[in-house]
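Below is one structure, written out as structure tokens, with a few remarks after it.
Bear in mind that the values here come from a model prediction, so they are computed numbers and not experimental data. One-based numbering, in listed order, for ligands and for the atoms of each.
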Amino acid sequence: MFKSAYLINVYADLSKRYQDQPEFLQAVEEFLTSLDLLVDKDPRIQKNAIVERMVEPERMIKFRVSWVDDSGNVQVNRAMRVQFNSAIGPYKGGIRFHKSVNESIMKFLAFEQTFKNSLTCLPMGGAKGGSDFDPAGKSDNEIMRFCQSYILEMYRHIGPRMDVPAGDLGVGAKEIGYMYGMYKRIENEFSGTFTSKGIESGGSLGRAEATGYGLCYFVEEMLKTYKKDTFKGKRVIVSGAGKVGSMAAEKVIELGGKVVAMSDISGVIHDENGIDIKLIKKLSQTNTEIMNQYQTYHPEAIYSPNTKDIWKVPCDIALPCATQNEIYLESAEELVKNGCWLVAEGANMPTTIEATKYFREHNVLFAPGKASNAGGVAVSGLEMTQNATFQNWSFEEVDEKLHQIMKRIFNRCHEASLKHTGRPDDLITGANIAGFMKVYEAMLQQGV
Ligand code: NDP
Ligand code: 2IT
């Protein structure tokens with residue numbers, strides 16, 4: 001928690017107003033704890049009510065999405081877009097389809113996105129959107145009808161210089177394709193609004209790989225800087241086998257690490273021979289919930305239906321890549337007990353505040369998601385540039401740019417950590433302060 005009276009007051013006010021939004025309050029608390037080192041030294045922050053403004057979204061759009069299922073029944077879902085902060089560029093952030101989507105989760109994601117996008121150094125503001133629509137078990141036609149109906153409301157709030165959505169949990173190139181197709185019919189122009197599009201629709205090569213690969217590039221920098229080491233021979237566990245987790249696992253293996261466990265909503269696979277990532281990628285082309293099928297192909301692997309069991313598998317490095325709050329204190333204790341010494345977040349806020357504190361107390365190197373998973377939105381930024389200039393860059397060109405961006409993000413976090421805490425490895429404080437500075441300066445420049 002923080003000691004500054006200013007921050008205590010802002011947070012007390014916020015938690016009273018949004019007491020039913022635990023994820024949002026958690027993200028704000030974690031962020032403000034880092035600002036504690038800054039606010040009392042710089043009176044302009046309080047005088048201009050910077051923190052009060054930063055913790056309120058500029059705009060939120062809430063709407064109903066009605067659609068017709070394959071049986072001819074009318075279904076109703078709730079959807080929203082949180083346009084949190086546009087100080088440094090057009091609103092930018094993914095769309096999530098998951099039954100858990102609510103205002104608290106959308107606000108925490110959009111809040112974090114603001115500082116993540118700032119860390120990339122590209123001109124992108126922060127936003128997030130989504131719906132409690134659950135794509136699991138829906139036919140392609142149902143998903144298409146839902147996406148089209150969603151866009152019939154959303155189209156008026158987005159645009160290439162206004163708000164550029166992308167994928168997130170439950171939303172991949174297929175859903176983006178349906179949304180972009182409908183948007184284009186309404187707007188009658190090829191504007192590139194939406195990133196993580198299919199390649200043929202104007203998507204960028206390397207976007208599908210970007211978050212997972214970027215995560216590994218970030219970890220490489222940590223290993224090099226703090227341990228003079230590499231991924232070679234390290235035991236790695238990866239929760240989530242979706243867009244982020246599967247690409248992270250693929251890169252770990254390419255860099256010489258051994259992925260010994262992965263998970264999805266159907267459970268955990270522990271394979272001492274090393275996870276068969278080609279199989280995971282193949283199965284996930286047609287299905288979610290694939291872990292319970294893995295043993296059919298590799299009978300020697302161990303399966304558990306309990307997703308939390310992944311944190312019991314001994315490892316050097318843990319990469320949580322599934323969803324928010326997947327590592328609680330007990331899982332953190334389990335990880336440390338079994339020898340884990342580096343945790344890097346591929347998902348957004350997968351670690352609770354208590355678990356993060358425990359890692360810090362036990363000298364576990366820790367990378368916060370807003371820095372380590374920024375590769376996805378960074379390549380989204382590169383996709384926007386390609387669309388705006390009618391260019392297509394090669395995979396190698398995009399991957400090289402991603403690599404440089406992740407190195408730069410690491411260096412910014414590392415330098416801010418040293419400057420503000422005297423420690424080189426407090427990447428949480430480093431990421432929060434470095435992300436904050438650009439947004440703060442832009443807000444000052446633009447007046448009230
Ligand atoms: P996907 O929907 O592609 O994959 C999510 C994966 O996590 C699936 O394997 C899913 O299992 C699994 N999962 C979901 N909930 C749980 C749970 N409670 N326990 C175990 N496994 C679970 O999403 P993404 O890979 O795109 O996103 C994952 C995370 O990364 C999210 O936090 C997202 O916000 C974040 N992120 C995504 C970026 C992107 O560009 N896509 C960029 C930066 C961050 P199943 O398939 O069985 O449902
Ligand atoms: O959380 C994230 O950074 C994303 N889901 C990607 C956002 C984007 O606009 O590419």
Side-chain angles (χ1 to χ4, degrees), residues 23 89-101 105-106 108-117 119-120 122 124-130 134-137 163-176 193-197 203-204 207-215 238-249 262-268 280 283-284 287-293 304-311 319-327 331 345-351 369-384:
E23 292 86 0
Y91 301 111
K92 180 84 194 86
I95 294 177
R96 176 176 290 196
F97 290 166
H98 194 267
K99 48 186 182 286
S100 66
V101 162
I105 291 177
M106 290 292 100
F108 113 67
L109 287 164
F111 178 73
E112 293 250 306
Q113 194 82 44
T114 301
F115 306 104
K116 181 194 306 191
N117 294 1
L119 281 171
T120 67
L122 299 172
M124 301 183 288
K128 201 81 180 194
D134 182 4
D163 184 348
V164 184
D168 191 71
L169 199 80
V171 176
K174 178 169 78 182
E175 291 77 12
I176 292 290
T193 307
F194 286 96
T195 59
S196 53
K197 300 182 288 291
S204 175
R207 175 61 185 89
E209 292 82 0
T211 314
Y213 281 22
L215 174 67
V238 181
S239 69
K243 298 188 291 299
V244 178
S246 60
M247 290 302 162
M262 283 185 85
S263 65
D264 68 9
I265 209 74
S266 72
V268 180
I280 299 280
L283 293 175
S284 62
N287 272 311
T288 55
E289 307 195 17
I290 53 180
M291 287 303 154
N292 56 12
Q293 300 169 40
S304 161
N306 183 352
T307 55
K308 295 252 169 293
D309 282 351
I310 189 160
W311 313 120
L319 304 177
C321 295
T323 191
Q324 65 275 354
N325 291 333
E326 31 168 340
I327 304 185
S331 313
E345 296 184 326
N348 287 306
M349 207 170 73
T351 319
K370 62 169 78 71
S372 50
N373 75 32
V377 74
V379 173
S380 279
L382 303 182
E383 184 172 330
M384 288 162 73

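- Between Ala347, Ala322, Gly240, it is Ala322 that holds the heavy atom closest to atom 28 (C) of ligand 1.
- In this structure, the protein non-hydrogen atom closest to atom 5 (C) of ligand 1 is Leu169 CD1, 3.5 Å.
- When the options Gly170, Gly94, Gly242 are ranked by their closest heavy atom to atom 4 (O) of ligand 1, first place goes to Gly242.
- Near ligand 2, residues Lys92, Gly93, Gly94, Gln113, Lys116, Lys128, Ala166, Gly167, Asp168, Arg207, Asn348, Gly376, Val377, Ser380 each place a heavy atom inside the 4.0 Å sphere around the ligand atoms.
- Put simply, the side chain of Lys243 never gets that close to the backbone of Ala208: no donor and acceptor are under 3.5 Å apart.
- The shortest side-chain heavy-atom distance between Thr195 and Met384 falls under the 4.5 Å cut-off.
- Annotation: Lys243 places an N or O atom under 3.5 Å from an N or O atom of ligand 1; distance criterion only.
- Residue Ser263 places no N or O, backbone or side chain, under 3.5 Å from any N or O of ligand 1.
- Residue, atom and distance of the protein heavy atom nearest to atom 9 (O) of ligand 1 are Ala241 N, 3.0 Å.
- If you look at Arg207 next to ligand 1, the close heavy atoms, those under 4.0 Å, all belong to the side chain.
- At least one N or O atom of Arg96 sits closer than 3.5 Å to an N or O atom of ligand 1.
- Between the choices Ile105, Thr211, Ile280, the shortest heavy-atom distance to atom 42 (C) of ligand 1 belongs to Thr211.
- No option in Met124, Lys92, Lys128 other than Lys128 meets the side-chain contact (heavy atoms from CB on, under 4.5 Å) test with Gln113.
- Among Ile265, Asn348, Val379, the residue whose heavy atom lies nearest to atom 17 (C) of ligand 1 is Ile265.
- Residues Asp168 and His98 are not in side-chain contact: their nearest non-hydrogen atoms beyond the backbone lie 4.5 Å or more apart.
- For the atom pair Thr323 OG1 and Ile105 CD1, the distance stands at 7.0 Å (nearest 0.5 Å).
- In terms of modelled atom types and a separation under 3.5 Å, the side chain of Asp264 and the main chain of Ile290 share a donor-acceptor contact.
- Taking CD1 of Ile327 as the reference point, atom CD of Glu345 lies at 7.5 Å (rounded to 0.5 Å).
- Polar contact check, Ile290 against ligand 1: no nitrogen or oxygen pair lies under 3.5 Å apart.
- Of the N or O atoms in Asn373, none lie within a sub-3.5 Å distance of an N or O in ligand 1.
- In this structure, the side chains of Val164 and Ser380 stay at 4.5 Å or more apart for every pair of heavy atoms.
- Regarding atom 34 (O) of ligand 1, its nearest protein heavy-atom neighbour is Asp168 OD1, 2.7 Å.
- Proximity of a side-chain donor or acceptor of Glu289 to a complementary backbone N or O of Ile265 within less than 3.5 Å is not detected.
- Contact annotation: for Ala374 versus ligand 1, there are no heavy atoms closer than 4.0 Å.
- Residues Thr120 and Val377 are in side-chain contact: their nearest non-hydrogen atoms beyond the backbone lie under 4.5 Å apart.
- The single protein non-hydrogen atom nearest to atom 46 (O) of ligand 1 is Thr288 CB, 3.3 Å, given as residue, atom name and distance.
- Evaluated by nearest non-hydrogen atom to atom 44 (C) of ligand 1, the leading choice among Ser372, Pro320, Gly346 is Gly346.
- Considering each of Val244, Asn306, Asp264, the one bringing a non-hydrogen atom nearest atom 10 (C) of ligand 1 is Asp264.
- One distance of note links CE of Met106 with CD1 of Ile95; it measures 9.5 Å at 0.5 Å rounding.
- Atom CD1 in Ile310 sits 7.5 Å away from atom CE in Met291 (nearest 0.5 Å).
- Contact annotation: for Thr307 versus ligand 1, heavy atoms closer than 4.0 Å belong to the side chain alone.
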